[in-house]
Amino acid sequence: QVQVVESGGGLAQPGGSLTLSCATSGIIRFSFNAMAWYRQAPGKQRELVAGISMGQDTDYTDSVKGRFTISRDNAKKTVTLQMNGLRPEDTAVYFCNAGGQFRWRLPGKYWGQGTQVTVSS
């Protein structure tokens, strides 16, 4: 049984930082899976924030480039999203996703439950 569990969300001030972590279990050959972070703000569609391929290539949506960094630890089967320079528009529920198609920016079938990130003064 595959499990994807996010942690690290919370409240941050504009310009602040948060680190999101995604722990997985049950994914066979984790290192061969693309991983990604998505987010969904109230009233908006879920959008890709950052992705990382099995070869450690990374991809970011334009609004977070230079501020967010995605990384993975294949030995621990975890993915991290370091978020710096947070803005109010980053407020959303952030979801970890496993097994997607990195090249086509398509999500895989494994999702976490999400973690809330709120950026406000």
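Predicted model only: the values in this text are computed from it and were never measured.
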**Report entry** From CA spacing to verdict: side chain to side chain contact (heavy atoms under 4.5 Å, CB included), Trp37, Val79
**Finding:** CA-CA 9 Å; Trp37 286 94; Val79 180; 3.5 Å; yes
Requested in this report: Given side chain to side chain contact (heavy atoms under 4.5 Å, CB included), test Arg87 with Arg67 step by step and report yes or no.
Outcome: CA-CA 10 Å; Arg87 304 168 180 170; Arg67 301 189 296 123; 3.4 Å; yes
**Report entry** Check against side chain to side chain contact (heavy atoms under 4.5 Å, CB included), Ser25 and Lys77
**Finding:** CA-CA 7 Å; Ser25 61; Lys77 300 185 179 181; over 6 Å; no
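In this structure, the side chain of Thr115 engages the main chain of Gly9 through a donor-acceptor pair within 3.5 Å. With hydrogens and angles disregarded, a donor-acceptor distance shorter than 3.5 Å links the side chain of Gln40 to the backbone of Lys44. Between the side chain of Gln116 and the backbone N or O of Gly10 there is no donor-acceptor pair closer than 3.5 Å. Side chain of Asp73 to main chain of Thr78: no donor-acceptor pair is present (N/O by atom type, distance under 3.5 Å, no hydrogens or angles). Counting only distance, with no hydrogens or angles, the side chain of Glu6 and the backbone of Gly114 share a donor-acceptor pair below 3.5 Å.
Put simply, CD on Gln3 and CD on Gln1 are 5.5 Å apart, with the number rounded to the nearest 0.5 Å. Taking OG of Ser17 as the reference point, atom CD of Gln82 lies at 6.0 Å (rounded to 0.5 Å). Rounding to the nearest 0.5 Å gives a distance of 9.0 Å between CE of Met54 and CZ of Arg29.
In this structure the side chain of Thr24 never reaches within 4.5 angstrom of the side chain of Val2, judged on heavy atoms. You'll find the side chain of Ile70 stays beyond 4.5 Å of the side chain of Gln56, heavy atoms only. Side-chain contact between Tyr94 and Val49 is present, with heavy atoms from C-beta onward closer than 4.5 Å. For the pair Val4/Cys22, a side-chain contact is recorded, criterion being any heavy-atom separation below 4.5 Å from C-beta on. When side chains are defined from C-beta on, Leu20 counts as touching Val117, because their heavy atoms get closer than 4.5 Å. In this structure the side chain of Asp59 reaches within 4.5 angstrom of the side chain of Arg105, judged on heavy atoms. Counting heavy atoms from C-beta outward, Arg39 and Asp90 have side chains that approach closer than 4.5 Å.
Ile52 and Tyr110 fall within the same hydrophobic cluster, where Ile, Leu, Val, Met, Phe, Trp and Tyr residues are linked whenever their side-chain heavy atoms come under 4.5 Å apart, directly or through other members. Using a 4.5 Å cut-off between side-chain heavy atoms of Ile, Leu, Val, Met, Phe, Trp and Tyr, with links allowed through other members, Leu48 and Val93 fall into the same hydrophobic cluster. A continuous path of hydrophobic side-chain contacts links Tyr60 to Leu18 [ILVMFWY only; heavy atoms under 4.5 Å]. Hydrophobic clustering (side-chain heavy atoms under 4.5 Å, transitive across Ile, Leu, Val, Met, Phe, Trp, Tyr) keeps Phe30 apart from Phe102.
Across all their heavy atoms, Ala41 and Ala92 have their closest contact at N-CB, 3.8 Å. Residues Ala50 and Leu81 come closest through the heavy atom pair CB-CD1, 4.0 Å. Nearest heavy atom pair, residue Met35 against residue Gly99, reads SD-N, 4.5 Å.
Aromatic ring centroids of Trp111 and Tyr38 lie under 6.0 Å apart.
If you check the side chains of Gln13 and Ser121, you find no donor sitting under 3.5 Å from an acceptor.
Judged as a side chain to side chain donor-acceptor pair (under 3.5 Å), and not counting sequence neighbours, the contacts of Asn74 are Arg72.
Annotation: cation-pi pair Arg46/Phe95 present, NZ/CZ under 6.0 Å from the ring centroid and within 45° of its normal.
Within a 6.0 Å radius of CD in Gln45, no more than 12 heavy atoms belonging to other residues, nucleotides or ligands are found.
A side chain to side chain contact (heavy atoms under 4.5 Å, CB included) with Phe68 holds for exactly one of Thr61, Asn84, Leu86; it is Leu86.
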